[in-house]
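Reviewing the structure listed below.
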Amino acid sequence: MIALADCNNFYVSCERVFRPSLEKCPVIILSNNDGCAVARSNEAKQLGIPMGAPYYQVRNICDRAGVAVFSSNYELYGDMSRRIVSVLSRFSPRMEVYSIDESFLDLGQAVNPLELSRQIRKRVGEWTGIPISIGLGPTKTLAKLANRLAKQGNTGCLEVRPGDKGSLRSVAVEDVWGIGNRYASRLRRIGIRNALELAEAPSVVVRKAGGVTLERTQRELCGWNCINLEEVPQPRKNACSSRSFGRPVTTLQDLEEAVANHAVKAANRIRREGSLARGLQVFVATNRFRKDLPQYVNSRTMVFGEPTDDPICILSSACRMLRGIYRNGYAYKKAGVLLLDLDQGGHQQLNLFNGGEREKHERLADVMEQLTTAYGPRAAFLAAQGLERSWSMKRSRLTSRYTTSWDELPVAGTS
DNA sequence: TCTGGGGTCCTAGGACCC
DNA sequence: TCTGGGGTCCTAGGACCC
């Protein structure tokens with residue numbers, strides 16, 4: 001039996017743990033740059049604020065109804081997520097951490113999985129303050145579906161079996177895990193409107209509408225396991241760092257600073273994971289929503305002579321490629337760096353002609369990492385990363401890092 | 001004025017090989 | 001007039017997820 005434990009309105013719940021006064025009030029959390037609503041409390045959902053709505057489009061509703069609005073506080077959410085995972089892991093040795101707020105647990109042959117789920121839910125609530133819902137099913141897709149129904153019915157925990165026609169019929173086809181907008185409209189066109197109709201459709205029809213991917217989903221709905229529990233996370237194949245700018249950027253110098261920062265960020269991430277990149281991609285884009293402005297999107301990709309995690313080498317290559325794709329006269333909105341085809345260290349193919357540079361860069365990168373770990377990201381950085389960074393993103397409604405920073409611990413009582 | 005970021009997998013089509 | 005068959009590899013784009 002597979003259980004899907006999913007936190008309710010996770011980001012909102014994290015903020016509420018440290019500000020109990022937000023209970024029962026409408027709350028939304030904004031994406032980076034304070035762009036879109038990416039998490040909503042039930043009260044905010046009832047006000048009609050859709051998932052992913054640009055904030056400027058719902059600002060009026062928020063002002064009128066007194067919605068509490070916050071920037072994303074990923075340090076807090078990441079730390080709360082780790083705490084929840086550690087509680088969940090006490091209940092099953094076989095577990096897949098699927099996202100920041102969801103984990104699949106294999107409850108094996110538990111005698112009473114529903115009762116066990118209730119215990120899990122209670123324990124997570126008591127130990128972390130975060131409310132979760134648990135869906136149970138013989139496959140991941142059915143566990144997902146059960147979870148959706150548990151949230152809808154506010155039952156906390158719910159089990160769905162493959163033959164449970166009533167439950168399957170009550171879930172719209174676009175709400176099935178693995179079915180997005182495109183597949184849903186194709187399926188609706190051929191008369192498949194809910195999970196039951198998908199489960200019972202001829203597989204050739206399903207295959208034609210969405211290939212093997214959709215057929216897997218169909219089989220999972222019938223109770224056949226097609227999507228395995230991944231207990232050990234697969235090593236990442238790519239690492240991307242990118243961000244929209246807080247304001248339109250027009251000069252090559254600003255773009256270079258941004259790309260330099262992304263290059264260093266991505267490089268440091270793979271260094272921490274102990275992997276090496278075989279390739280590098282740099283991209284820039286104008287604001288695709290501004291139909292009134294000239295649009296320009298471009299990218300360039302290269303293969304390194306030898307796989308690398310050297311921030312200096314990655315930064316200089318990235319900036320060189322940026323100069324190749326930069327065009328004057330556009331208002332850029334976004335830039336980023338992808339490290340491609342990552343290799344889990346251990347067997348670095350060295351370049352015969354690369355002399356002692358590598359060792360020097362290696363030592364420098366290590367020292368910089370120590371400095372930034374101890375004294376913050378501005379303690380040591382490469383000149384190309386820039387001093388002012390006037391393009392950097394907006395986060396005007398950020399709450400404190402209550403659990404990860406000594407200076408920002410919550411204070412009990414008032415003076 | 002203001003519209004997120006970071007991933008994965010699959011497929012079709014082109015280039016190239018013998 | 002008539003223009004093969006079988007394969008691999010790579011990439012871009014499309015679809016999905018949270």
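In what follows, every chain begins at residue 1, and chains take the letters A, B, ... in the order their sequences are listed.
K140(A) meets the salt bridge (charged side-chain N to carboxylate O under 4.0 Å, His left out) test with E96(A); sequence neighbours excluded. The side-chain hydrogen bond (donor to acceptor under 3.5 Å, both in side chains) search around N238(A) returns none, not counting sequence neighbours. In this view, R193(A) and E197(A) satisfy the side-chain hydrogen bond (donor to acceptor under 3.5 Å, both in side chains) rule, not counting sequence neighbours. Legend: residues meeting side-chain hydrogen bond (donor to acceptor under 3.5 Å, both in side chains) with S244(A), ordered by chain and number and at least two apart, are absent. Contacts of R219(A) classified as salt bridge (charged side-chain N to carboxylate O under 4.0 Å, His left out), with partners at least two apart in sequence or in another chain: E215(A). With sequence neighbours excluded, no residue satisfies salt bridge (charged side-chain N to carboxylate O under 4.0 Å, His left out) with R123(A). Residues meeting the side-chain hydrogen bond (donor to acceptor under 3.5 Å, both in side chains) test with K165(A), sequence neighbours left out: E200(A).
For dC18(C) and dT3(B), the P atoms lie 24 Å apart once the distance is rounded to whole Å.
Annotation: Y11(A) is not in aromatic contact with F70(A) [ring centroid separation under 6.0 Å not met].
Interface residues of residues 175-197 of chain A facing DNA chain C, ordered by number: V176(A), W177(A), G178(A), I179(A), G180(A), N181(A), R182(A), Y183(A), R186(A); criterion, heavy-atom separation under 4.0 Å.
Among residues at least two apart or in separate chains, there is no salt bridge (charged side-chain N to carboxylate O under 4.0 Å, His left out) pair with a member in residues 310-320 of chain A. Legend: ring-ring contact (aromatic ring centres under 6.0 Å, His included) pairs involving residues 195-238 of chain A, not counting sequence neighbours: none detected.
The pair R397(A)-D34(A) does not meet the salt-bridge criterion, since no charged nitrogen lies less than 4.0 angstrom from a carboxylate oxygen.
The residue K140(A) sits apart from the nucleic acid: no heavy atom pair falls under 4.0 Å. Using a 4.0 Å heavy-atom cutoff across all strands shown, S241(A) reaches sugar-phosphate atoms only and no base atom. Residue contacts shown for Q234(A) are absent, as no nucleic acid heavy atom lies under 4.0 Å away. Looking at heavy-atom distances under 4.0 Å, A239(A) makes contact with sugar-phosphate atoms alone, never a base. At the heavy-atom level, R216(A) lies under 4.0 Å from the strands shown only through sugar-phosphate atoms.
When DNA chain C is scanned 5' to 3' for any atom under 4.0 Å from a heavy atom of chain A, the first and last hits are dA15(C) to dC18(C).
A stem is defined here as three or more consecutive Watson-Crick or G-U pairs, each with both distances under 3.5 Å; for DNA chain B these stems are B:5-18 with C:5-18.
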